[in-house]
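From a predicted model like this one, the values you see are computed outputs, not experimental measurements.
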Amino acid sequence: MEEDPKEREVADKILEAIEKEYGFVPVVNQIMSTRPDLFIPQTRLSKAVFEGKGDLEPKTRYLCAVSAAAATGAEYCISVQMKHAVEAGATQDEVLESIIIGCQIAMTRAQSYALRKYAKQFDLEIDESYLNNVK
């Protein structure tokens with residue numbers, strides 16, 4: 001695919017800003033930047049999610065990101081998001097609670113999936129009618 005020189009210039013400026021802020025360029029950004037047509041909108045969305053207008057203050061946004069990174073096993077993201085959360089005013093206990101929440105969700109997701117398969121394998125009857133009332 002032929003690269004648009006204007007998009008390349010924008011992508012390079014974004015990379016410079018990332019390196020200035022973090023002191024390095026994450027692998028995801030390094031690779032995605034080879035496709036400025038995809039990289040530019042992705043970084044704009046990321047910036048809007050974490051720094052844009054909304055009802056959640058930055059600390060809460062970063063604590064949500066810590067929790068999600070813990071739940072998904074995003075090793076590098078959790079380090080970056082913890083740093084941002086602390087810079088935004090999060091305490092050590094708030095970061096720990098966010099991690100524990102993410103880990104709990106990940107565990108119960110795994111249990112939910114695996115135990116349904118277990119029930120099916122051993123012909124166990126389970127009642128999931130409560131799901132009809134969850135909104």
Side-chain angles (χ1 to χ4, degrees):
M1 178 175 170
E2 191 171 326
E3 187 174 85
D4 178 337
K6 289 180 183 177
E7 286 182 334
R8 175 77 268 150
E9 186 178 330
V10 171
D12 288 342
K13 285 181 181 180
I14 292 170
L15 288 170
E16 287 173 21
I18 290 169
E19 186 166 19
K20 184 178 180 183
E21 183 171 343
Y22 297 144
F24 66 96
V25 177
V27 170
V28 170
N29 297 117
Q30 291 176 41
I31 295 170
M32 288 294 296
S33 68
T34 65
R35 286 287 306 271
D37 60 312
L38 301 174
F39 175 65
I40 294 166
Q42 178 202 0
T43 56
R44 286 181 177 156
L45 174 60
S46 180
K47 190 166 184 69
V49 167
F50 289 108
E51 300 171 17
K53 297 176 183 175
D55 291 333
L56 296 177
E57 79 249 22
K59 179 180 90 170
T60 302
R61 290 176 187 221
Y62 290 120
L63 288 171
C64 288
V66 167
S67 190
T72 59
E75 179 181 357
Y76 300 105
C77 292
I78 196 166
S79 296
V80 170
Q81 300 308 329
M82 278 195 291
K83 179 180 181 289
H84 286 311
V86 170
E87 288 170 351
T91 65
Q92 183 175 347
D93 284 336
E94 289 172 326
V95 171
L96 180 58
E97 287 180 29
S98 296
I99 291 169
I100 298 302
I101 290 167
C103 291
Q104 182 66 27
I105 293 297
M107 182 189 70
T108 58
R109 179 181 181 265
Q111 289 175 323
S112 178
Y113 174 78
L115 293 174
R116 280 180 172 78
K117 295 295 183 183
Y118 174 86
K120 185 175 180 182
Q121 175 67 40
F122 294 103
D123 296 320
L124 300 176
E125 187 175 322
I126 57 174
D127 178 7
E128 294 186 301
S129 61
Y130 66 92
L131 294 174
N132 296 329
N133 297 324
V134 177
K135 294 180 184 187

Side chains of R61 and V49 in contact at under 4.5 Å (non-hydrogen atoms): no

Closest non-hydrogen atom pair, P58 against A88: C-CB, 4.2 Å

Exercise: do E57 and T60 side chains pair donor with acceptor under 3.5 Å: yes

Validation row: H84, E51 side chains within 4.5 angstrom (heavy atoms): no

Backbone of A71 reached by a side-chain donor or acceptor of R109 within 3.5 Å: no

Note, F50 side chain near Q81 side chain (heavy atom, < 4.5 Å): yes

Salt bridge flag under 4.0 Å for residues K59 and E94: yes

Separation of T72 OG1 from I105 CD1 (nearest 0.5 Å): 12.5 Å

Side chain proximity check, T91 to V86, heavy atoms < 4.5 angstrom: no

Distance-minimising heavy-atom pair for V25 and Q30: O-NE2, 2.6 Å

Distance, nearest 0.5 Å, that separates CD of E7 from CD of E3: 8.0 Å

Indicate every side-chain donor-acceptor pair of residues 39-46 with a distance under 3.5 Å to a residue at least two apart or in another chain.
residue	atom	partner	partner atom	Å
T43	OG1	F39	O	3.1
T43	OG1	I40	O	3.0

Heavy-atom check, side chain of E128 versus side chain of R116, under 4.5 Å: yes

Whether over 12 other heavy atoms sit under 6.0 Å from N132 CG: yes

For the student: nearest non-hydrogen atoms of T34 and I31, plus distance: OG1-O, 2.6 Å

Y130 OH: over 12 foreign heavy atoms closer than 6.0 Å: yes

Please report, to 0.1 Å, the donor-acceptor pairs under 3.5 Å made by any side chain of residues 9-20, with sequence neighbours excluded.
residue	atom	partner	partner atom	Å
D12	OD1	R8	NE	3.1
D12	OD1	R8	NH2	3.1

Joint cluster assignment, I78 & Y62, ILVMFWY side-chain distance < 4.5 Å: no

Single-linkage hydrophobic cluster, 4.5 Å side-chain cutoff, L63 and I100 together: no

Nearest-0.5 Å distance, CD1 of residue I101 to SG of residue C64: 9.0 Å

F24, CZ atom: more than 12 neighbouring heavy atoms under 6.0 Å: yes

Lys/Arg N to Asp/Glu carboxylate O, D4 vs K6, below 4.0 Å: no

Polar side-chain atom of S112 near backbone of T108 as donor-acceptor pair, under 3.5 Å: no

